[in-house]
Visitor: 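To start, I am sharing the structure in question, which I have written as structure tokens.
In the text below, chain A, chain B and the rest are named by the order of the sequence lines, each starting its count at 1. Worth knowing before you read on, the calculation uses all heavy atoms, side chains too, and leaves out hydrogens, waters and symmetry mates.
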Protein chains: 2
Amino acid sequence: MIPVDKLIHGRPYEETNEGPRFRPCVPNGVLARLGDKWTILVMSHLAVASGHRLRFSALKNGIEGITQRMLTLTVRNLERDGLLVRHYFPEVPPRVEYELTEMGASMLPALEGFTSWIRENWPEIAKTRAAYDEAQQ
Amino acid sequence: MIPVDKLIHGRPYEETNEGPRFRPCVPNGVLARLGDKWTILVMSHLAVASGHRLRFSALKNGIEGITQRMLTLTVRNLERDGLLVRHYFPEVPPRVEYELTEMGASMLPALEGFTSWIRENWPEIAKTRAAYDEAQQ
DNA sequence: CAGTATCCCCCCAGATACTG
DNA sequence: CAGTATCTGGGGGGATACTG
């Protein structure tokens with residue numbers, strides 16, 4: 001009998017006297033990665049590129065303000081997670097292309113669902129923020 | 001004639017000689033907030049609470065490892081964005097309850113869509129990471 | 001062209017102490 | 001009980017210079 005975590009909305013938790021206690025778990029880490037400064041922009045670019053594929057310079061030129069260093073780190077992390085693959089062509093000068101994997105592409109609908117909620121609700125969020133900040137000072 | 005941003009997947013961009021250039025925009029900021037260390041855990045707790053409503057101590061006791069300071073900051077930010085409301089009862093000792101707003105509750109399906117994708121794909125992500133790290137050293 | 005390699009700064013989160 | 005106030009360390013991210 002293998003012990004199985006109890007789940008609420010798919011999230012593991014333990015029972016306590018004062019109710020369920022969630023344990024920090026996977027979704028946070030992945031969401032935090034995707035929510036970082038550049039990852040969504042890289043994914044968006046690849047999402048609309050033909051063949052879900054772009055070279056390094058195209059990403060760099062296409063994303064306003066990103067530095068070479070941060071783009072490198074961002075695509076490395078995405079590659080590490082298996083969301084994209086790196087194609088290296090040993091020419092001179094070298095050429096590198098990044099392409100969404102099947103898993104990377106499978107993430108797009110969920111991402112789109114989330115971002116569309118944000119876009120729909122952004123006006124109200126902005127309004128609420130303004131009112132909140134107004135009330136503070 | 002009001003100029004309207006061109007959009008790809010709802011995201012504003014500008015045309016350049018080398019293709020579309022996305023501008024950093026709203027979804028990143030909101031996604032970054034939601035993806036931070038504690039926000040999803042707070043939202044999850046309220047999501048399953050009766051009346052989508054819990055008091056400060058219940059959240060604190062229910063979320064393993066969160067400090068008083070970080071819980072305060074997290075609920076403040078959520079309140080500022082209009083995703084929850086703070087109910088203050090001037091008793092002694094004081095009592096404070098946090099409740100999801102209609103907008104806050106409306107976010108749950110999108111969030112669930114995303115986290116379920118993560119849970120489904122987590123095994124492969126973990127496997128890919130392990131293989132990647134293996135290949136590095 | 002597509003990266004490393006450094007340096008550095010700022011800010012976030014944790015720890016701790018105090019309060020209405 | 002539900003917060004603030006303050007200090008501190010570590011890490012993320014920018015700037016810059018160098019390289020196969």
Side-chain angles (χ1 to χ4, degrees), chain A residues 17-19 24 28-42 45-46 49 53-81 84-99 132 135-137, chain B residues 17-19 24 28-29 31-42 45-46 49 53-80 84-99 132 135-137:
Chain A
N17 295 339
E18 301 113 8
N28 305 301
V30 179
L31 260 180
R33 168 154 316 293
L34 293 168
D36 75 5
K37 198 167 179 183
W38 303 111
T39 299
I40 296 300
L41 289 167
V42 170
H45 252 267
L46 289 170
R53 188 166 176 151
L54 286 172
R55 57 187 301 183
F56 186 87
S57 52
L59 285 169
K60 174 135 177 35
N61 292 326
I63 300 174
E64 187 178 356
I66 196 170
T67 61
Q68 203 169 32
R69 176 182 134 86
M70 290 316 297
L71 179 55
T72 300
L73 290 175
T74 303
V75 292
R76 282 291 181 283
N77 279 323
L78 286 170
E79 186 191 9
R80 179 170 179 263
D81 286 355
L84 56 75
V85 281
R86 180 175 184 268
H87 300 284
Y88 176 72
F89 302 92
E91 311 162 354
V92 271
R95 176 167 54 102
V96 176
E97 295 180 355
Y98 293 94
E99 181 187 17
Y132 185 91
Q136 290 311 302
Q137 44 80 2
Chain B
N17 295 339
E18 300 113 11
N28 303 299
L31 218 55
R33 168 151 318 295
L34 293 169
D36 76 6
K37 196 168 180 182
W38 303 111
T39 299
I40 296 301
L41 289 167
V42 170
H45 252 268
L46 289 171
R53 187 166 176 154
L54 287 172
R55 59 186 300 184
F56 187 87
S57 52
L59 285 169
K60 174 135 179 32
N61 291 327
I63 300 175
E64 186 178 356
I66 196 169
T67 62
Q68 204 168 30
R69 175 183 137 86
M70 290 316 296
L71 179 54
T72 300
L73 290 176
T74 302
V75 292
R76 283 289 182 284
N77 280 322
L78 286 171
E79 187 192 8
R80 178 169 180 264
L84 55 77
V85 281
R86 181 176 183 268
H87 300 284
Y88 175 71
F89 302 91
E91 312 162 355
V92 271
R95 176 167 54 101
V96 176
E97 295 180 356
Y98 294 94
E99 181 188 18
Y132 185 91
Q136 290 311 301
Q137 45 79 2

Visitor: To the nearest 0.5 Å, how far apart are CG in A/Leu59 and CG in A/Leu41?
Guide: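 Answer for the CG-CG pair, A/Leu59 versus A/Leu41, is 10.5 Å.
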
Visitor: Where each pair must be Watson-Crick or G-U wobble with both distances under 3.5 Å, what dot-bracket representation of DNA chain D is obtained, with crossing pairs in [ ] and other-strand partners as |?
Guide: ||||||||||||||||||||

Visitor: Could you please name the option among D/dG20, C/dG3, D/dG3 that lies closest to any side-chain atom of B/Arg76?
Guide: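 Looking only at heavy atoms from C-beta outward on B/Arg76, the closest nucleotide is D/dG3.
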
Visitor: So how far is it from B/Thr74 OG1 to B/Ile63 CD1, rounded to the nearest 0.5 Å?
Guide: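 It is 8.0 Å, given to the nearest 0.5 Å.
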
Visitor: Mind calculating the distance between CD (A/Gln68) and P (C/dA5) to the nearest angstrom?
Guide: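 The distance from CD of A/Gln68 to P of C/dA5 comes to 13 Å, rounded to the nearest Å.
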
Visitor: Taking atom C1' of D/dT16 as reference, at what distance in whole Å does atom CZ of A/Arg69 sit?
Guide: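 Answer to the nearest Å: 12 Å.
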
Visitor: Would you say A/Arg55 reaches C/dA2's phosphate, i.e. side-chain N/O to OP1/OP2 under 4.0 Å?
Guide: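 Yes.
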
Visitor: Kindly point out which of D/dG3, C/dT4, D/dG13 is positioned nearest to the side chain of A/Lys37?
Guide: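 For the A/Lys37 side chain, the nearest candidate turns out to be D/dG13.
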
Visitor: Does the side chain of B/Thr72 reach to within under 4.5 Å of the side chain of B/Phe56, using non-hydrogen atoms?
Guide: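 With C-beta onward as the side chain, the pair touches.
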
Visitor: Between C/dT6, C/dG14, C/dA2, spot the one nearest the side chain of B/Thr67, thanks.
Guide: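 So the side chain of B/Thr67 is nearest to C/dG14.
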
Visitor: Can you tell me how far CH2 of A/Trp38 sits from NE2 of A/His45, rounded to the nearest 0.5 angstrom?
Guide: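 A/His45 atom NE2 to A/Trp38 atom CH2 measures 11.0 Å (nearest 0.5 Å).
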
Visitor: Can you pull out every side chain to side chain donor-acceptor pair (under 3.5 Å) where at least one residue sits in residues 61-71 of chain B? Sequence neighbours excluded, please.
Guide: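 Every pair satisfying side chain to side chain donor-acceptor pair (under 3.5 Å) with a residue in residues 61-71 of chain B: there are none.
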
Visitor: Please name the residue in the list B/Arg76, B/Glu97, B/Glu99, B/Glu79 that meets the side chain to side chain contact (heavy atoms under 4.5 Å, CB included) test with B/Leu84.
Guide: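 Checked B/Arg76, B/Glu97, B/Glu99, B/Glu79 against B/Leu84; only one passes side chain to side chain contact (heavy atoms under 4.5 Å, CB included): B/Glu79.
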
Visitor: Tell me the interatomic distance from B/Leu59, atom CG, to D/dG3, atom P, rounded to whole angstroms.
Guide: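 Going from B/Leu59 (CG) to D/dG3 (P), I get 10 Å.
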
Visitor: Expressed as a whole number of angstroms, how long is the span from A/Glu64:CD to D/dG14:C1'?
Guide: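 So the CD-C1' distance, A/Glu64 to D/dG14, works out to 16 Å.
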
Visitor: Would you say A/Trp38 places a side-chain N or O within less than 4.0 Å of OP1 or OP2 belonging to D/dG14?
Guide: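 So the side-chain polar atoms of A/Trp38 do come within 4.0 Å of the phosphate oxygens OP1 or OP2 of D/dG14, strictly under.
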
Visitor: Using whole Å, what does the distance between atom P of nucleotide D/dG3 and atom OH of B/Tyr88 come to?
Guide: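 After rounding, the reported distance stands at 9 Å.
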
Visitor: On DNA chain C, check which nucleotide each of A/Thr72 and A/Pro93 is closest to and give me the residue with the more 5' one.
Guide: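 Closest to the 5' end, via its nearest nucleotide, is A/Pro93.
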
Visitor: Rounding to a whole Å, what distance do you find between A/Met70:CE and C/dA5:P?
Guide: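 Taking atom P of C/dA5 as the reference, CE of A/Met70 is at 16 Å.
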
Visitor: Tell me the interatomic distance from A/Asn28, atom CG, to C/dA13, atom C1', rounded to whole angstroms.
Guide: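 Whole-Å distance recorded here is 15 Å.
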
Visitor: For A/Arg95 and D/dG20, give me the distance from atom CZ to atom C1', rounded to whole Å.
Guide: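 Going from A/Arg95 (CZ) to D/dG20 (C1'), I get 17 Å.
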
Visitor: With heavy atoms under 4.0 Å as the rule, sort A/Tyr98 into base, sugar-phosphate or nothing.
Guide: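 Answer is sugar-phosphate: A/Tyr98 comes under 4.0 Å of backbone atoms only.
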
Visitor: Can you find a pair of side-chain heavy atoms, one from A/Asn77 and one from A/Thr39, that are under 4.5 Å apart?
Guide: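 No, their side chains stay 4.5 Å or more apart.
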
